[in-house]
Amino acid sequence: MDEAIVVGGGIGGMAAAAALGRAGWRVRVRVLESAPEFREVGAGLAVTANGLRAAQVIGAADGIRAKGYVVRAAGTRRWDGEWLLKAPDGDGTRMTGIHRQRLHDAVAGVQEADVVTGARVTAVEPGMPGGERALVTWNDKHRAWADLVVGADGLRSMTRQRLFGNALKYTGFSCWRAAAPDTTLDDRFAMTWGRRAEFGALRISADEVYWYGYVAMPAGQVIADEVRAVREYFADWAPDVRRLTATTGEVIRHDVWVLARPLPRYTGGRVVLLGDAAHPMLPTLGQGANSALEDAVSLGLLVPAGGDLRAGLAKYEKARYRRTQRLVNRSAWMGRTGAHLGRGQWLRNTMLKLTPPRAALRNGTRIFEWTPPGSFGA
């Protein structure tokens, strides 16, 4: 029957629905989303070259460009605004700053899918390729059989829970995020490092800027006034940081958790995981959504409808596991040498100042190098 169920209607889930639709899973691609309506949280992000390349494969790249704003990586600063590593004018990796909801809309708009909102998945029976089909239960009463189940249900994935468990650990950091009205910030994106903290801002439209503040904080801390707290936290940082926090009227904050240990694999039976359900990573690389887009497109290209499911899932595993675990490890390394660093900042700062900017930028762009494993219809 070639029926697929996608658990999770976020960016990765909708990209998977689009990729599977293009791969011939046309009888039914059903998306189960626990929220009553789609609302991508996180304010904004940067779609880097690899994410845009994946979006191109499913026909979403033009929509992303139209809904976003092209920015360039400018380098790294100290908390007071002093440059530690600055890209020469005209250099810097290009990326597209975009509001998460607009990115979701661009991805969701390229493929029609049977979307069921308010569907909290409560059980998954993975089945077996060549044998019994998978069975998904949601809201404790609705059930559906599927030839393929895609777990794109995020950090606390019920799908992953069924296959491997959900052992998580707190990173020690929480992240404020906001989209603020602004027309003064230029097209440069810079990381600004303080003691166990990082601030970044990038333009997402002609009159909006997305910013984040990633700071050390106990898990589950309750703050009565988040806006006041973020302004006080960054009160002695660079003038542009203070300006953005001062003009922000609403912020969101999420504690940052990751897996306690890497998964042994991303597949089990007829079930496959992608995005944060498979490989949650620190936000220090900005590759969460971009790697989810890569996952989704790879799944569609490597697991076509009517093909050998076992072989296709094995190809997906081979294509994605090493790549994404390298991103997970690289993001952790970036955290240890950047935002997570307490003592030793002076040594890191000195080393950055001595690094040739063009060499550093070339090394940094390697993480954005990715080629889709084929093309639809090939």
Side-chain angles (χ1 to χ4, degrees), residues 3-23 25-45 47 51 54-55 57-60 63-64 67 98-124 134-163 166 177 252 254 266 270-280 288-300 303:
E3 295 186 63
I5 289 179
V6 178
V7 182
I11 292 167
M14 297 310 296
L20 291 172
R22 288 175 178 251
W25 294 83
R26 299 192 183 279
V27 174
R28 178 182 297 155
V29 178
R30 177 180 288 173
V31 178
L32 303 179
E33 168 57 38
S34 59
E37 60 182 19
F38 289 124
R39 185 176 180 270
E40 275 293 329
V41 298
L45 55 86
V47 180
V57 176
I58 58 173
I64 292 172
K67 295 174 184 290
I98 190 169
H99 195 287
R100 290 187 70 97
Q101 185 62 57
R102 293 171 200 148
L103 174 58
H104 183 272
D105 292 346
V107 172
V110 299
Q111 179 73 40
E112 185 176 348
D114 178 14
V115 179
V116 182
T117 56
R120 183 176 62 88
V121 171
T122 50
V124 178
L135 178 63
V136 180
T137 303
W138 65 97
N139 298 344
D140 292 320
K141 59 182 179 180
H142 300 290
R143 308 170 78 201
W145 296 94
D147 298 286
L148 176 67
V149 175
V150 181
D153 44 346
L155 176 68
R156 302 183 187 279
S157 167
M158 176 62 197
T159 317
R160 184 181 66 236
Q161 172 67 43
R162 176 63 184 86
L163 293 181
N166 261 356
R177 297 181 176 95
I252 57 177
H254 298 286
Y266 296 162
R270 292 177 177 267
V271 178
V272 58
L273 303 176
L274 62 78
D276 282 351
H279 46 75
N290 289 290
S291 61
L293 288 170
E294 287 184 14
D295 288 346
V297 168
S298 297
L299 180 65
V303 189

Return the minimal non-hydrogen interatomic distance between [X] and [Y], and the atom names on each side.
X      : Y      : value
Val149 : Ala134 : CG2-CB, 3.6 Å
Arg30  : Ala144 : NH1-CB, 3.3 Å
Gly9   : Val31  : CA-CG1, 3.7 Å
Val297 : Ala54  : CG2-O, 3.2 Å

Just by distance, do the side chain of [X] and the backbone of [Y] share a donor-acceptor pair under 3.5 Å?
X      : Y      : result
Arg162 : Val124 : yes
Arg270 : Asp147 : yes
His99  : Ala43  : yes

Distance-only donor-acceptor hits, side chain of residues 12-23, under 3.5 Å, sequence neighbours excluded:
from	atom 1	to	atom 2	distance (Å)
Arg22	NE	Ile58	O	3.2
Arg22	NH2	Ile58	O	3.0

Contacts of type side chain to side chain donor-acceptor pair (under 3.5 Å), residue Ser291, not counting sequence neighbours: none
Check: Asn166/Arg160 side-chain N/O donor and acceptor closer than 3.5 Å: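 There is such a pair (donor and acceptor under 3.5 Å, judged by atom type) between the side chains of Asn166 and Arg160.
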Any side-chain donor near an acceptor of the partner, Asp105 and Gln101, under 3.5 Å: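 Per modelled atom types, Asp105 and Gln101 side chains form a pair under 3.5 Å.
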Tabulate below the donor-acceptor pairs under 3.5 Å that side-chain atoms of residues 135-143 make, not counting sequence neighbours, or state none.
from	atom 1	to	atom 2	distance (Å)
Asn139	OD1	Arg120	N	2.9
Asn139	ND2	Gly118	O	3.0
Asp140	OD1	Thr122	OG1	3.4

